[in-house]
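Below, each value reflects all heavy atoms present in this structure, side chains not excepted, and no hydrogens, waters or symmetry copies.
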Amino acid sequence: MSDPDQQPEYSQDETRTPEVTKRSGWDNVKDAYILNRETGEISREVYELFMMFLLGSAAGSLYGGLPASRHARNRYIQTSDAALYSSKLEAVGTSYNAGTRGFIRYGYRWGWRTGFLALGFHGISSFLAVYRDKTDMYNYAVASVSTGALYRINLGLRGMIGGGIVGALLGIPAGGMLLAAQHLSGVTLLEFNKGLRKEALQGKQQKLQDREKAFSELIGSINKSIQDKKDDTKR
């Protein structure tokens, strides 16, 4: 009869706890930013980076270029009273050429700056959200300070500190509004992109299952045909 005070003995395999594989932040980053070699498609996160740069550049170009174009055209008209033109069309065309030059000059100056700021703010905040698998104000705060500091990196340490402060003053309220909008919509941008990747993976797995099923049916049909021929030969 066994002793009731004696502790039961377990083997090493019985006491071993099952391993739980946890995904690291870099695993999430690889899934989000590495090109899919099978399909050649870029991820949603990379697509958003391109779009944010293009939209930021376009908005900055319009903001800086339109007033500059109007100012350059009016200034040209004021300073060219004594100029001689062969026709009214030539005079109007020359003034519009001056406006176009002003738009290109100042639109470019504003465009690349706003494009860089939009790219940096969205890129850093999205990267942190993917790495941490979490969307909160920390991501936007770090993105604001980092983008402002990088924008002023050519001015040295003092310029970076000033840029970081200005970036925080402008970016943190913007991040708060973006976070509030995502919560009101019921789904964050991180969750939306993860859902798209999950659907794509499920679709890929379903296609593989369909191919395996079709291949099995084909093999079965071939085997049945061979067996029928053997039976006919025996008869």
Side-chain angles (χ1 to χ4, degrees), residues 25-26 28-36 41-71 100-197:
W26 289 113
N28 297 333
V29 171
K30 290 177 183 178
D31 290 342
Y33 292 99
I34 292 181
L35 177 69
N36 190 338
E41 297 178 353
I42 61 175
S43 65
R44 178 77 181 184
E45 285 80 3
V46 176
Y47 171 78
E48 289 173 357
L49 291 179
F50 284 114
M51 291 304 299
M52 289 303 297
F53 179 76
L54 292 176
L55 292 175
S57 299
S61 298
L62 293 175
Y63 179 81
L66 291 177
S69 175
R70 184 167 54 252
H71 175 75
T100 302
R101 290 192 296 269
F103 179 87
I104 294 174
R105 182 180 179 183
Y106 288 93
Y108 169 77
R109 289 183 180 181
W110 277 89
W112 78 262
R113 288 177 170 86
T114 54
F116 172 82
L117 294 175
L119 175 65
F121 179 76
H122 180 76
I124 296 174
S125 62
S126 297
F127 178 86
L128 290 174
V130 171
Y131 182 83
R132 300 174 64 231
D133 198 21
K134 185 178 182 181
T135 301
D136 55 15
M137 277 303 302
Y138 174 82
N139 301 336
Y140 294 111
V142 173
S144 302
V145 175
S146 302
T147 304
L150 290 174
Y151 180 72
R152 291 296 185 181
I153 193 173
N154 62 315
L155 300 179
L157 181 60
R158 296 181 63 181
M160 292 180 65
I161 294 174
I165 294 173
V166 174
L169 294 175
L170 297 177
I172 290 178
M177 290 187 290
L178 290 173
L179 190 62
Q182 293 179 69
H183 284 306
L184 289 175
S185 66
V187 60
T188 64
L189 193 59
L190 174 65
E191 294 170 345
F192 178 76
N193 291 337
K194 287 174 65 176
L196 291 179
R197 285 196 296 273

Distance in Å, [X] [atom1] paired with [Y] [atom2], rounded so as to fall on 0.5 Å steps:
X    : Y    : atom1 : atom2 : result
L178 : H183 : CG    : NE2   : 11.0 Å
Q182 : L189 : CD    : CG    : 5.5 Å
N139 : H122 : CG    : NE2   : 11.5 Å
K194 : N28  : NZ    : CG    : 7.0 Å
L55  : L119 : CG    : CG    : 11.5 Å
S43  : L49  : OG    : CG    : 8.0 Å

Tell me, which pairs form a ring-ring contact (aromatic ring centres under 6.0 Å, His included) where one or both residues lie in residues 129-158, sequence neighbours left out?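 Listed once each, the pairs are W26-Y131, F121-Y140.
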
For Y106, is the NZ or CZ atom of R109 found under 6.0 angstrom from the centre of its six-membered ring and inside 45 degrees of the ring axis? yes

What heavy-atom pair brings [X] and [Y] nearest, and what distance separates the two atoms?
X    : Y    : result
I172 : A141 : CG1-CA, 4.0 Å
G56  : A118 : CA-CB, 4.1 Å
G107 : S61  : O-OG, 3.3 Å

Students often mix this up, so state it plainly: with edges at 30° and 60°, are the rings of Y33 and F127 parallel, tilted or perpendicular? tilted

So which of T188, L184, T135 actually passes side-chain contact (heavy atoms from CB on, under 4.5 Å) with L179?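 Single side-chain contact (heavy atoms from CB on, under 4.5 Å) partner of L179 among T188, L184, T135: T135.
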
ask   = Is there a donor-acceptor pair closer than 3.5 Å between any side-chain N or O of T114 and the backbone N or O of G111?
value =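 Yes; judged by distance alone, with no hydrogens or angles, the pair exists.
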
Show me, pair by pair, the donor-acceptor contacts under 3.5 angstrom made by side chains of residues 162-169, not counting sequence neighbours?
none

